[in-house]
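Letters A, B, ... mirror the listed sequences (proteins, then strands); counts begin at 1.
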Amino acid sequence: MSTLIDGSEASLRKFLDTLPGVDKVGADQRAATLATRSIKTSSKSWAIDMAIQMVDLTTLEGADTEGKVRALCAKAVHPDPRDFSVPSVGAVCVYNDLVRIARENLDLNGGSHIPVAAVTTAFPSGRASLKVKLQDTQDALTDGATEIDMVIDRGAFLSGKLGLVFDEIKAVKEVCGNRAHLKVILETGELVTYDNVRKASFIAMLAGADFIKTSTGKVSPAATPPVVLVMLEAVRDYYLQSGIHIGVKAAGGIRTTKDAIKLLVLVNEIAGPEWLNPQLFRIGASGLLNDLLLQRMKLATGYYSSSNYVTLD
Amino acid sequence: MSKSPFEYAPAPESRAVVSIKSQYGLFINGAWVEPKTKNKFATINPANEEVLSQISQASDSDVDRAVKAARDAFTKTWSKMPARERGKYLYRIARIMQERAREFAVLETLDNGKPIRESRDVDIPLAAAHFFYHAGWADKLEYAGLGANPKPHGVVGQIIPWNFPLLMLAWKIAPAIATGNTVVLKPAETTPLTALLFAEVCQQAELPAGVVNIITGDGTTGAALVKHPGIDKIAFTGSTGVGKLIARSIAISGKSATLELGGKAANVVFDDAPIDEAIEGIVNGIFFNQGHVCCAGSRLIVQENIHDEVLEKLKRRMSLIRVGDPLDKNTDLGAINSAEQLAKIKELSISGDAEGAFRWSPDCVLPSKGFWFAPTIFTGVTQAHRIAREEIFGPVLSILTFRTPQEAIEKANNTPFGLSAGVWSEKGSRILWASKALKAGVIWANTFNKFDPASPFGGYKESGWGREGGRHGLAAYLKGAK
């Protein structure tokens with residue numbers, strides 16, 4: 001928990017009252033202007049390799065299999081099996097019951113440096129008792145997850161029970177201890193307004209989040225550029241007040257290299273260059289990695305390759 | 001802030017799309033003619049001082065030719081044409097401008113020095129939008145609430161500035177010809193090229209000869225145009241000084257006039273403002289188009305209790321402004337338009353230092369050739385400083401503070417100008433109160449420098465006469481219209 005508040009709901013609310021509002025038109029305009037940045041040649045090549053290292057390679061389907069997770073882990077270590085100069089991804093992100101499989105397969109493939117992220121706390125809806133949420137998290141840690149992607153209780157947030165949202169995050173953080181990084185999913189598509197996004201970002205950071213994350217990927221809209229912009233402003237402002245760097249993870253709807261590069265421009269110009277690394281910015285995605293690889297090949301060879309030259313997820 | 005590992009590689013827009021002739025004549029009666037005196041002057045790229053072309057200096061007799069051509073076109077063709085036919089020409093011009101948008105954008109950036117991002121995303125689309133908007137009015141003027149059968153003045157003399165060359169041309173020509181007037185237009189001496197390209201568009205659109213005439217030259221050409229007895233109405237955008245000269249020169253001549261002049265707009269930021277967006281609005285207000293904007297938010301009037309926070313965030317944001325090659329798609333701040341303007345900006349900034357205000361600019365490397373000025377703010381500015389009173393027309397912001405809302409309004413209104421103002425607050429009632437109290441023609445709430453052809457634009461006090469754009473703008477081009 002942050003030292004900026006004393007942990008009571010009153011002190012939390014007092015802090016949140018100091019946050020300025022977000023003007024939607026202005027935030028949308030700023031994101032749209034930054035989307036016109038033209039990233040070419042050497043800067044594009046740097047951005048693609050950085051984006052690959054920021055990918056949380058994700059599979060979160062009811063139909064996930066061990067085989068799929070094995071393939072994902074191999075790909076996480078060497079995204080392009082023909083070109084080992086391609087860097088590894090940031091993490092592999094799976095449901096709780098597949099954490100052990102993912103950990104074993106990463107280790108087998110020489111990916112012991114790649115963390116496994118588990119979605120917990122009754123992901124994606126978060127509709128379970130705190131007891132279940134904590135046990136869910138504990139299970140993931142036991143199986144070897146070193147990153148926990150939890151969801152906030154949107155019902156509590158929207159009905160004004162901000163203390164409850166705060167306490168839950170704090171409790172999950174206590175379970176994580178120093179064994180795992182905690183990413184707090186706000187599910188911005190359900191919070192709707194940018195004012196809510198800013199407020200929820202601060203609740204998460206004050207409660208002890210290491211990362212704030214836009215979305216589960218199960219709700220649309222997800223990581224729109226203005227939402228990411230508002231969250232990047234939040235981590236920047238939190239740093240200015242506390243001296244602590246909190247990371248941001250954009251997840252949901254990010255499919256193309258262009259999308260990813262636009263996010264990197266936002267990181268660079270909103271939060272600042274010190275956020276331009278996988279320790280402080282991640283992109284939750286599955287299909288994106290293949291597009292990054294195809295664009296990387298295009299830059300290297302001058303030719304576009306067909307999708308047969310990248311592996312299935 | 002640390003240096004970014006993410007350096008944006010140069011991303012220059014190609015110049016190949018434009019073909020600039022080595023010299024240009026005058027566009028009179030639908031054709032290119034040489035000026036009587038054969039005098040030419042150079043127009044240069046202010047970003048590197050490269051000579052782009054030789055431009056004709058129109059003399060009194062050339063002005064006379066142009067006015068006669070416009071008069072002929074008015075009496076023989078344009079005033080007799082059914083209004084919906086007039087409208088078709090405006091639609092055609094608008095579409096051609098869109099088709100040739102990239103060409104216009106690159107040319108504008110070369111001749112003016114503004115970033116390609118702005119000419120591409122603001123100037124050219126808005127210019128086309130003005131023609132589309134007024135095209136729609138052409139056959140509906142009797143429903144504009146300006147009387148049953150409003151009539152055009154006849155021949156309109158138009159003089160436009162160098163800050164938005166094509167956009168100001170569109171603001172002037174589109175309403176004039178939509179309402180049935182014919183036009184003699186003089187672009188600014190330093191930025192004639194897009195107006196000359198527009199002359200080509202008129203030919204391409206097969207606009208009847210003489211409806212639009214474009215003559216180039218310096219202030220003497222403009223003066224000749226204003227004084228010419230064949231002109232029925234003057235429309236001018238430029239400095240308040242020249243505006244006053246024009247007003248004197250046309251006094252009791254029977255000519256009507258619209259004047260869009262200088263400004264020293266206040267951008268008022270209350271402590272309940274959406275701060276991050278207010279910072280963007282401040283930056284956009286003063287650094288858009290290098291501050292060469294008559295409605296620029298050149299005075300930031302910020303509530304005392306958030307001054308330090310706003311200043312810190314503003315400085316951080318300013319250090320991200322990319323100054324340099326205007327043709328680079330990532331450039332935010334381009335070149336100052338001329339050596340003369342640069343000298344004026346420098347002179348006023350030095351007066352700010354001398355009068356005890358504190359100057360700050362982010363670290364930025366300015367190109368060695370061309371005319372450049374770093375984005376600059378002055379803190380500790382008082383109402384009595386020259387930089388709080390005179391229009392700098394450059395990327396220089398004066399920051400003042402206030403304690404009470406009343407004080408903010410008093411300071412904001414304490415100026416001979418009254419073109420625009422900005423209000424930043426999340427409180428609707430405060431915005432409405434401030435908008436009523438501010439004496440300015442355009443008031444932006446939680447935004448700045450937003451333009452739309454449907455919205456009237458113009459000033460109070462020494463910022464001008466009349467309105468341009470929207471229904472109000474039509475009235476200026478119609479006789480007897482109320």
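- With sequence neighbours left out, the salt bridge (charged side-chain N to carboxylate O under 4.0 Å, His left out) criterion links B/D276 to A/R198, A/R236, B/K313.
- With sequence neighbours left out, the salt bridge (charged side-chain N to carboxylate O under 4.0 Å, His left out) criterion links A/D49 to A/R296.
- Cation-pi geometry between B/K450 and B/W444 is not satisfied (NZ or CZ under 6.0 Å from the ring centre, within 45° of the ring normal).
- In this structure, A/Y194 and A/V227 have side chains that are in contact, with non-hydrogen atoms separated by less than 4.5 Å.
- Proximity to chain B is absent for every atom of A/L19, based on heavy atoms less than 4.5 angstrom apart.
- B/D272 has no carboxylate O lying under 4.0 Å from a charged side-chain N of B/K427, or vice versa, which leaves the two without a salt bridge.
- Contact of B/D121 with chain A is made through the side chain alone, with heavy-atom distances under 4.5 Å.
- The candidate with the highest count of non-hydrogen atom pairs below 4.5 Å against chain B, out of A/N277, A/V230, A/L264, is A/L264.
- Residues of residues 247-259 of chain A never come within less than 4.5 angstrom of chain B, heavy atom to heavy atom.
- Top candidate by heavy-atom pairs under 4.5 Å with chain B, chosen from A/K40, A/M50, A/K44, A/E233, is A/E233.
- Salt bridge present: A/E269 and A/R37 bring a charged side-chain N and a carboxylate O closer than 4.0 Å.
- A/V267 does not touch chain B: none of its heavy atoms, backbone or side chain, sits under 4.5 Å away.
- A salt bridge does not link B/R316 to B/E312: none of the charged side-chain nitrogens sits closer than 4.0 Å to a carboxylate oxygen.
- Ring pair B/F402/B/F270: centre-to-centre distance below 6.0 Å.
- In this structure, B/F457 has its ring center at least 6.0 angstrom away from the ring center of B/F164.
- No donor-acceptor contact under 3.5 angstrom links the side chains of B/N330 and A/S38, judged on distance only.
- Interface residues of residues 237-244 of chain A toward chain B, defined by a heavy-atom distance below 4.5 Å and sorted by number: A/D237, A/L240.
- Note: A/L276 leads A/D195, A/T41, A/L276 in heavy-atom pairs under 4.5 Å with chain B.
- Residues B/R102 and B/E13 are paired through a salt bridge, judged by an N-O separation under 4.0 Å between the basic side chain and the carboxylate.
- Between chain B and the residues A/P20, A/G21, A/G26, the largest count of heavy-atom pairs under 4.5 Å involves A/G21.
- Ion pair B/E280/B/R317 flagged as a salt bridge, since at least one NZ, NE, NH1 or NH2 atom sits closer than 4.0 Å to an Asp/Glu carboxylate oxygen.
- Inspection of the B/S4 and A/N268 side chains reveals an N or O donor paired with an N or O acceptor under 3.5 Å.
- Between B/D123 and B/K114 there is a salt bridge, since at least one side-chain N of the basic residue sits less than 4.0 Å from a carboxylate O of the acidic one.
- For a residue to count as touching a neighbouring chain, one of its non-hydrogen atoms must lie under 4.5 Å from one of that chain's; by this rule B/A278 does not touch chain A.
- Contact of B/E426 with chain A is made through the side chain alone, with heavy-atom distances under 4.5 Å.
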